[in-house]
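Here is the structure we will look at, set down as structure tokens.
Remember, it's a predicted structure, so these values are computed and weren't measured experimentally.
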Amino acid sequence: MFSKIGSIILLVDDMERSTQFYKDTLGLKLKVKTTDWIEFFEKGTTLALHPKKRKGVDKKSDRHPNNNILVGFMVSDLDQVVKDLKAKNVGFFKEPKSEPFGKHAIILDPDHHLISIAEIQSTKSTEEFDLIGFLGAE
């Protein structure tokens, strides 16, 4: 079902300040940088930064207190994973949606932590994996 943790995603208030901290202070190697998505580490699990508040999405995210970090799982068949999770009555914060990088959904654990689930299309660049709209913007 879940093949690996693809990323730990920190939702941050100030992208530039956080990027400087992880890049300059901690010395992490920058992999990808776009306006809404920063990734560190070249191989394996990445640490990613994404803006916490985005215009039009704050209402939904404010209902969940644990929305400052996401664990991002990679799957090979998001449609099947979603079907299995819905059969187990797992709550969805973001219903499955096609994105430029592939397919994506976000579920809630029992403590309302957000868990990102992505099926990445191998033909797409990781630079397109910026989760724009990951907080439910449709």
D79: salt bridge (Lys or Arg N to Asp or Glu O under 4.0 Å) partners, not counting sequence neighbours: K103
Identify all side-chain donor-acceptor contacts of residues 15-26 below 3.5 Å with residues at least two apart in sequence or on another chain.
unit_1 : atom_1 : unit_2 : atom_2 : d
S18    : OG     : D14    : O      : 3.2
T19    : OG1    : M15    : O      : 2.7

H104 side-chain N/O to A118 backbone N/O, donor-acceptor pair under 3.5 Å: no
Nearest heavy atoms of S116 and I9, plus distance in Å: CB-CD1, 4.3 Å
Residues that K86 engages under side chain to side chain contact (heavy atoms under 4.5 Å, CB included), provided they are two or more places apart: V82, F92, E95
E39 to A48 - nearest heavy-atom pair and separation: CG-CB, 4.2 Å
Heavy-atom check, side chain of I5 versus side chain of F73, under 4.5 Å: yes
Any W37 side-chain heavy atom under 4.5 Å of L49 side chain: no
I106 side, atom CD1; H113 side, atom NE2 - distance, nearest 0.5 Å: 14.0 Å
Point-to-point distance, once rounded to the nearest 0.5 Å, from CD of E99 to CD1 of I120: 9.5 Å
Residue pair D109 / V71, side-chain heavy-atom distance below 4.5 Å: no
Close side-chain approach of F2 and I117, heavy atoms under 4.5 Å: yes
Euclidean distance, I38 CD1 relative to L10 CG, rounded to 0.5 Å: 12.0 Å
Nearest-0.5 Å distance that lies between atom CG in L28 and atom CD in E42: 12.0 Å
Any side-chain heavy-atom pair of I115 and L70 under 4.5 Å: no
Interatomic spacing from CE in M1 to CG in L85 - rounded to 0.5 Å: 4.0 Å
